Amino acid sequence: MKVSFRQRIGMEENKEMPICQNCGHKWSWTKTWKLSLTLDHGMICPNCGKKQYVTNRTRKMNAVMTLVITTLMLLVNIIFGPAPVLFIVLIVVFLLYIGLYPLWLELSNEEEPFW
């Protein structure tokens, strides 16, 4: 049986945008990005006004993704040197991250400890 990439990294059940755990409102991509750019740990649901928190699983996945991306960027820099290639790769990776972040963001009613 073939296993998809999304199943391997545990994202298979979250194929949609984040959903408020209080009212069930499905957040839009734009609203998710605007709310995730704040410095506050919680994000206010645009529908019911209750505070939602990013789950521990999502925060850990972001940490792993940051580590992997940083390592890849360092390897590209070592192989090609500080060249326009590194800048182009950085822009592509950043745009992919912006596009995909709302798809794996999961919300919870309570703030969970990182560990």
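No experiment lies behind these values; they were computed from the predicted model shown. Numbers for residues simply follow the sequence, beginning at 1.
For the pair Asn62 and Tyr97, the tightest heavy-atom approach, listed with the atom from each and the gap, is OD1-OH, 3.7 Å. For Met43 against Val54, the heavy-atom pair with the smallest separation is CE-CG2, 3.6 Å. Minimum interatomic distance between Trp27 and Cys45 (heavy atoms only, all atoms of both residues): CZ2-CA, 3.6 Å. Nearest approach of Ile69 to Val93, heavy atoms of both residues: CG2-CG1, 3.5 Å. Across every non-hydrogen atom of Pro102 and Pro18, the tightest pair is O-CD, 3.2 Å.
Tyr101 OH to Thr32 OG1: the interatomic distance, rounded to the nearest 0.5 Å, is 9.0 Å. Distance CG/Leu72 to CG/Leu67: 9.5 Å, rounded to 0.5 Å. Here the straight-line distance linking atom NZ of Lys51 with atom CD of Glu111 works out to 8.0 Å at 0.5 Å rounding. Atom CG of Asn56 and atom CE of Met61 lie 11.5 Å apart (nearest 0.5 Å). How far CG of Asn109 is from OH of Tyr53: 9.5 Å, rounded to the nearest 0.5 Å. The distance from atom CG of Asn22 to atom NZ of Lys50, rounded to the nearest 0.5 Å, is 6.5 Å.
Tracing side-chain contacts under 4.5 Å through hydrophobic residues (I, L, V, M, F, W, Y), one never reaches Leu74 starting from Val68; they form parts of separate clusters. Follow the hydrophobic side-chain contacts under 4.5 Å out from Trp104 and you never reach Leu96; the two are in separate clusters. Following chains of ILVMFWY side-chain contacts shorter than 4.5 Å, one can reach Met17 starting from Leu100, so the two form part of one hydrophobic cluster.
Relative ring orientation between Trp29 and Trp33 is described as tilted, the plane-to-plane angle lying within the 30° to 60° band.
In this structure, Phe94 has no ring pair (Phe, Tyr, Trp, His ring centres under 6.0 Å) partners at least two apart in sequence or on a different chain.
Side-chain contact between His25 and Ile19 is absent, with no heavy-atom pair separated by less than 4.5 Å.
For Gln52 (side chain) and Gln21 (main-chain N/O), a donor-acceptor pair under 3.5 Å exists by modelled atom type.
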